[in-house]
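This report refers to the structure that appears directly beneath it.
Chain identifiers are assigned alphabetically (A, B, ...) following the order of the sequence lines, protein sequences preceding nucleic acid strands; residue numbering begins at 1 within each chain. Only a predicted model underlies this, so the values are computations on that prediction, with no experimental measurement involved.
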Amino acid sequence: MTAMAEGSAPRSAVAHLAPDLPDRPGGAVRLREVAFPAQVELRLDDEDATAFGPRAGQFLCCGMPAPGHAAGAGDPYVLWLGPGWYLAVDRPGSAYGLLAGLRDALGADCGGMCGSAVDVSAARTVLELSGPSARAVLAHGCLLDLHPRTFGPGRCAQTVLAQAQVVLHQTGAADYRLLVRTSYADHLVRWLLDAMTEYV
Amino acid sequence: MPDGKLWEDREPGNSYDVVIVGAGGHGLATAYYLARDHGITDVAVLERGWLAGGNMARNTTIIRSNYLWDESAAIYEHSLRLWEGLEDDLGHDLKFSQRGVLNLAHNLPDVREGVRRVNANRLNGVDAEWLDPDDVKKLVPILNTSPSVRFPVLGGTFQPRGGIARHDQVAWGLAKGADERGVHLIQNCEVTGFRRTPGGAVTGVETSRGFIGAGRVALCAAGHTSVLADMLGFRLPLQSHPLQALVSELLEQVLDTVVMSNAVHVYVSQAHKGELVMGAGIDAFNGYGQRGSFHVIEQQIAAAVELFPVFARAHVLRTWGGIVDVSPDASPIIGPTPVENVFVNCGWGTGGFKATPGAGHVYADTIAHARPHPLAEPFGLERFTTGALIDEHGAAAVAH
Amino acid sequence: MTGSFRTASGGTRIDRSRTLTFTFDGTTYTAHPGDTLASALLAHGVRVVAQGPYTGRPRGVYSTGAEEPNAFVQVESGPGEPMVRATRLEVHDGLRASSLSGRGRLVDAPDTGRYDKVYAHCDVLVIGAGTAGRAAALAAVAAGARVIVADDRPGIGIEASGELTVLPRTTVTGHYDHGYFVAVERRTDHLGDAAPARTARRRLWHVRARRVVLATGALERPVLFPDNDRPGIMLAGAAAAYVRRYGVLPGRRAVVFGAHDGALQAALDLLDAGVEIACVTDVRASTGPLGDRLRERGVTVLEGRAVTGTESGPDGILTDARIGGDIVPCDLLAVSGGWNPDLHLFTQAGGRTRWSAEHAAFIPGAPPRVPIDVVGSARGIPGEAAEHLPEGADGLVFVDLHRDATLAGVRDALQAGMTSNEHVKRYTTIGTGADQGRTSGVPASGALARLLGRAPGEIGTTTQRPPVEPIPFAVLAGRDRGDLLAPARRTPMHGWHEEHGALFEDVGEWKRPRYYPRPGESMDDAVLRECRTARARVAALDASTLGKIDVQGPDAAAFLDRIYTGRISTLAPGRCRYGVMCGTDGMIFDDGVAARLAPGRFHLTTTSGNAARVLDWLEEWLQTEWPELRVRCTSVTDQWAVVALAGPRSRDVLTALAPGLDVAAFPFMATREAEVAGLPARVFRISYSGELAYEINVPSWHGLALWEAVMAAGEPHGIAPYGTETMHVLRAEKGYIVAGQDTDGTVTPHDAGLGWAVKAAGGWVGHRSLHRPDTARADRKRLVGLRPRDPAVVLAEGAQLVAEPPPAEITHPVPMLGHVTSSYRGTVGSFALALLKGGDEREGETLYAVDSGRADAVTVTSPVHYDREGARRDGDG
Amino acid sequence: MLLIPCPWCGDRDEVEFHYGGQAHVAYPSDPDALDDAAWADYVFMRDNPKGWFRERWTHTAGCRRWFNVVRHTVTYEIAGSYRPGDVPPKVAS
């Protein structure tokens with residue numbers, strides 16, 4: 001008897017909804033999934049990452065983000081989740097390197113560290129909501145003020161959307177990322193599809 | 001409609017054998033039973049606003065006695081039996097309607113909890129039935145009992161003797177009964193302090209209308225009890241929270257049973273005139289503001305529409321909030337206090353209305369004899385020290 | 001054909017170029033776009049639009065807006081709606097409506113309309129787009145503010161370059177704490193069948209505003225007189241407005257009755273519109289310049305005189321007004337007692353009103369403690385008005401038309417001893433109706449003041465409560481309906497379970513397979529088959545829902561020693577231990593397994609429904625009590641999919657899947673990193689069934705692959721999937737508890753037979769509670785096992801335990817000794833777990849389990865019904 | 001829907017938070033040294049003032065931090081929030 005699943009591809013939590021996602025270029029609003037990114041949750045005793053930032057900077061190719069912000073333009077990028085709490089995100093398949101690099105930057109292994117780094121790549125999936133109506137769609141369930149005066153590209157926040165906890169990350173003038181726990185992803189996507197009804 | 005004066009709005013006297021602080025349902029019932037059963041008629045009931053204008057005017061009037069633990073079942077059943085004779089006792093139409101109270105179960109832990117409760121109730125002499133989803137549908141045809149909804153109905157406990165009453169009439173009936181027996185009902189009279197002997201015993205209350213001497217003082221102020229206890233220098237394990245409720249416009253009858261769903265926080269009945277009367281879950285934060293947060297209402301209504309699709313077109317006409325005093329074990333506190341001559345009846349949380357006659361009766365006896373009524377004994381303050389709590393939260397809805 | 005009461009021209013709100021048709025009470029009529037149902041019916045001379053709820057007396061349109069007390073109708077076309085004000089209902093082609101008598105109907109047909117919600121933010125929210133509101137909005141926009149203007153009318157002609165959002169047909173219904181407002185926008189109702197299906201009919205707005213401008217205007221109030229409810233009687237300002245806005249004559253010959261200048265102004269307006277004014281009568285002694293103007297135009301103006309009654313034809317419709325001994329024929333009696341600023345949203349936020357004689361109204365007094373501006377006529381319209389109360393008259397004087405409540409009722413309330421207006425409101429029901437008492441509140445206070453001989457300001461007004469206008473339940477539910485009502489959490493293997501016929505159970509927010517019936521199998525059959533498969537061969541459970549928390553840091557072990565009742569710090573890396581968590585009250589609230597992955601790193605599991613609560617609990621202690629502890633907690637519940645593999649053949653299956661794992665050197669209560677089915681996995685050798693068992697964790701996106709691999713590898717061994725029901729049978733046979741099922745918040749670890757998992761030395765958070773007198777009692781309820789005397793009987797979970805079979809008729813409470821917490825027919829036959837008073841001393845006793853009036857004899861046993869020796873955990877080989 | 005000032009995330013709506021009751025109730029340093037009454041006081045007794053109240057909230061759906069708020073229990077006005085260990089904002093009594 002040999003292992004049967006060898007080399008099997010990962011499967012996204014919303015794979016079954018993929019055909020329903022409106023992803024027409026130029027549409028008023030588009031929704032697509034960016035599945036399987038590498039993700040590491042970092043928790044630092046050093047709440048402002050003043051010591052950690054420079055050490056991780058070189059590896060991450062970006063600084064550590066300020067509160068309420070994201071750092072990094074492409075991959076990897078780092079999201080501020082709370083004081084001393086970050087989510088580093090990188091290309092699919094790079095979790096091992098990301099984790100090792102961050103642990104290295106922490107300066108020690110788990111025994112005597114100044115924080116923790118945990119691979120949570122499969123804990124959340126990333127949805128991309130974009131288009132001129134993206135902000136309007138979010139306003140149907142997101143309680144944050146996403147007006148350019150108070151939010152904007154490079155900002156991120158943990159909040160609630162459709163009764164699910166999400167990390168909301170604005171990447172462009174009309175482009176948002178939603179990082180949602182995989183077990184809630186089906187609900188959130190179905191909710192988004194409903195909220196998008198008037199716009200697509 | 002009028003049958004003469006219901007009660008007299010009295011000026012405060014110099015002193016009374018018993019001063020009851022709070023002219024809500026419990027305060028009025030306590031006064032009534034003090035006068036009726038113990039011959040203690042030199043009684044004043046002080047109300048800082050208008051009579052029965054607090055939680056009594058704000059509750060959803062559900063009456064039932066199907067509590068889990070023996071001690072609770074005993075006192076609530078005592079209350080229900082008093083309810084059953086109260087209209088005759090008072091000679092006043094309370095619109096008391098034993099239309100039955102149905103508690104829905106939406107998951108397997110709810111079912112276990114419900115069956116446990118029904119069996120305990122029956123052995124305690126409390127009427128109770130377990131209904132399967134078909135029985136539930138027969139009883140309340142407008143309920144959505146489809147197994148495919150998000151919170152399916154897996155059954156329910158039913159207490160046929162449960163029901164509703166008209167809260168204002170209950171207050172006025174008790175006020176009339178007390179007034180007729182010589183009790184002074186004094187409105188717009190706020191207690192601002194207590195006068196005490198050097199030994200600490202209370203001899204009277206300071207009020208917005210002057211000092212009133214008192215042989216005994218009975219606190220009956222629901223959400224404001226902590227404020228009074230603060231004045232007296234003792235602590236109570238109470239937190240005051242907003243509890244919201246709402247009514248619809250008048251609608252033709254669609255619901256003749258009280259339906260409760262703890263899992264989704266929907267409590268609904270249709271009153272005699274036709275309005276749907278609904279209670280929500282309590283707001284999490286402490287508050288004396290008599291208002292809660294609107295999202296609590298939205299969540300409650302969403303759940304209600306799912307349970308009762310026919311409600312989709314009804315309108316929320318009016319929402320409001322009361323202040324409920326919640327104890328750690330969701331059971332009341334009744335009995336003497338650390339302060340001589342002062343008694344307390346509080347911590348009824350969301351259960352106060354249904355307990356009105358029972359609490360009044362047991363509390364009156366406790367005050368009259370300066371010792372807890374047997375039914376009140378388990379509900380003393382000391383239980384928080386000994387650990388003998390009477391935990392009516394219901395089993396935590398979590399598992400495996 | 002637009003109705004005989006339509007003027008030849010005019011009407012600022014209607015489009016005369018188009019004609020619509022609608023049906024009211026079965027008759028079809030015409031209207032113009034812009035008409036309300038009320039204006040359209042008046043245009044056709046339809047006077048009776050409702051009946052009093054208790055008197056059954058006919059009632060007509062009384063106002064133009066939200067203050068309408070009479071004209072509530074049932075909309076029958078489209079999605080339908082009960083209790084809609086005809087004065088607010090825009091006519092569209094195909095509208096069907098019918099009259100009501102103060103009580104609506106809920107129809108059975110499902111409401112399939114779309115409803116949504118929006119969360120909005122602004123610097124300034126302007127409520128009301130009249131002159132004052134418009135000016136305030138433009139000024140705010142010009143100052144660079146983000147502004148939202150809401151008005152309940154269809155058109156708001158306001159434009160500005162800047163951050164301006166205009167919401168027509170939007171009623172702000174509530175003013176809540178910290179600048180939070182709720183509003184309802186009616187988006188497509190006025191389009192009828194032409195409404196786009198994809199557009200939400202109505203939208204609930206949640207607006208967080210830094211500042212609010214109340215430009216809500218003022219509402220006219222009536223004067224009281226006998227028989228003041230007949231169709232044909234309406235507010236004077238409204239009568240004039242019907243002419244101006246809709247080109248509709250509310251009557252041809254009017255009597256105008258007032259107590260202030262507004263009535264006189266309305267008389268002039270009506271006169272201009274071509275209505276014959278039979279006479280104007282004012283309770284004031286002098287009508288001043290406006291009276292003179294009316295006289296100049298030939299109108300009879302009576303001063304110091306009141307309408308004292310009305311007459312009607314057999315249809316109940318107004319035919320005459322009585323003014324003392326004079327009978328004046330008329331088909332319109334326009335009344336006005338003054339103007340009440342609409343301060344609903346002012347008082348909702350805690351603002352106080354005060355009586356102003358100069359305005360003859362309650363005007364803004366002490367403001368609420370929020371940034372608020374009240375502008376325009378919401379501040380009050382200056383002008384004195386006379387008080388008027390009919391005395392000892394014949395006929396019914398209605399104070400609240402909507403509730404059919406009369407002045408006699410107010411007098412009765414006073415006779416009953418009521419002096420507070422809140423009592424009078426409750427006694428009479430005045431002001432409690434769907435019209436929110438807009439036309440009745442101030443007259444009621446005025447009447448009460450007069451009857452008590454006090455000033456209106458002393459009486460005050462009753463509390464106005466949100467919402468300002470009734471909100472349909474469906475609007476409040478928004479899109480939280482059906483599948484979207486609440487999240488249902490799915491495991492990565494969910495689809496597989498569905499395809500394989502699983503029936504699901506709700507566990508917290510999760511959907512978990514309960515059992516997998518094969519064709520023809522009952523639940524009992526399926527569960528017993530699954531149990532036997534697990535006991536004899538191998539079976540797999542989707543355990544992905546277990547809560548999982550990664551705990552790291554140099555102080556992690558010390559921290560967990562304080563949180564768990566047992567000792568975690570002595571655990572060697574690579575090993576696992578069962579742990580119980582209690583509250584500070586010493587009662588069990590969760591249990592699970594703590595695995596030490598490295599000296600400073602643990603992987604905890606929690607019950608499925610409790611994961612968030614446990615993580616919150618850990619964070620609370622770390623952040624608020626022991627910030628000096630260097631410990632970091634991370635939820636990894638969603639990171640890992642888990643397959644629990646149980647049964648004597650599980651080792652064979654694992655061996656096949658993980659050739660690199662030395663299963664022989666993998667002891668019980670240990671954990672290993674391994675490649676399983678080619679996937680990176682963390683494997684725990686722990687057992688919740690008593691059998692040889694493993695829990696295989698892989699990244700969630702590989703969960704389905706792992707599951708399928710397990711099923712394939714297990715096929716030669718006869719593997720079967722099993723659900724939560726079988727999981728329960730297996731664990732209960734071993735006497736393992738479920739927190740929340742075999743405990744209920746009143747059970748200590750000792751009560752649950754878990755004293756072995758409690759450190760005697762204490763040091764954990766609830767330890768002290770175990771030494772309280774009641775908690776230390778010897779005769780507390782303890783976990784026991786039960787066997788029904790009749791093996792064919794499966795006890796009900798929730799059955800109560802008693803010493804003797806109770807009598808058929810229970811007259812006195814029967815002492816209860818405990819209750820059945822878990823009961824199943826398992827591989828050991830029928831058995832149960834129970835909490836029983838003094839249970840550990842009762843083994844072998846016979847008791848009775850009572851359920852639904854039936855008492856079954858049971859024998860008290862050990863809670864462990866299966867494999868007491870624990871031999872099975874290493875398999876049968 | 002209260003607007004709660006998280007010291008780290010700024011003003012957020014109430015639904016993102018869990019309430020934690022009275023602030024500054026410390027876990028006893030030696031519970032075993034307490035008598036039953038003193039222990040009960042810790043476990044069950046909490047202030048319940050009508051007026052300004054120092055209370056705990058945790059930003060569950062945001063940064064997950066516990067912090068303290070000074071809020072008026074009648075008007076629901078918030079005088080400010082502060083991190084554990086920081087000095088509470090002053091309010092007029």
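- Of the atoms belonging to B:Ala128, not a single heavy atom falls under 4.5 Å from chain C.
- If you tally non-hydrogen atom pairs under 4.5 Å between each of B:Glu275, B:Gln169, B:Arg122 and chain C, the highest count goes to B:Arg122.
- If you measure heavy-atom distances from C:Tyr54 to chain B, the contacts under 4.5 Å come from the side chain alone.
- With a threshold of 4.5 angstrom between heavy atoms, C:Met587 does not approach chain B through any atom at all.
- Only the side chain of C:Gln436 comes within contact range of chain B, with at least one heavy atom under 4.5 Å from a heavy atom of that chain.
- For B:His92 and B:Trp172, the ring centers sit 6.0 Å or farther from each other.
- The contact between C:Thr821 and chain B is made entirely by backbone atoms, counting heavy-atom distances below 4.5 Å.
- For C:Leu485, the part sitting under 4.5 Å from any heavy atom of chain B is the side chain, from C-beta outward, and nothing else.
- In this structure, the portion of C:Pro806 lying under 4.5 Å from any heavy atom of chain B is its side chain and not its backbone.
- For the 3.5 Å distance criterion, the side chains of C:Arg403 and C:Thr432 qualify, holding a donor opposite an acceptor.
- Between chain B and the options C:Ala543, C:Pro82, C:Ala474, the largest number of non-hydrogen pairs under 4.5 Å is found for C:Pro82.
- With sequence neighbours excluded, the residues that form a ring pair (Phe, Tyr, Trp, His ring centres under 6.0 Å) with C:His771 are C:His767.
- Ion pair C:Arg854/C:Asp851 not flagged as a salt bridge, since none of the NZ, NE, NH1 or NH2 atoms sits closer than 4.0 Å to an Asp/Glu carboxylate oxygen.
- Contacts with chain B were tallied for C:Gly350, C:Ser822, C:Ser420, C:Gly174; C:Ser420 has the most, counting heavy-atom pairs under 4.5 Å.
- Using a cut-off of 4.0 Å between Lys/Arg side-chain N and Asp/Glu carboxylate O, B:Asp179 and B:Lys5 are scored as not salt-bridged.
- At a 4.5 Å heavy-atom cutoff, C:Arg777 makes no contact with chain B through either its backbone or its side chain.
- Heavy atoms closer than 4.5 Å to chain B are found in the side chain of C:His206, but not in its backbone.
- The pair B:Arg313-C:Glu81 does not meet the salt-bridge criterion, since no charged nitrogen lies less than 4.0 angstrom from a carboxylate oxygen.
- For B:Trp7 and C:His423, the ring centers are positioned less than 6.0 Å apart.
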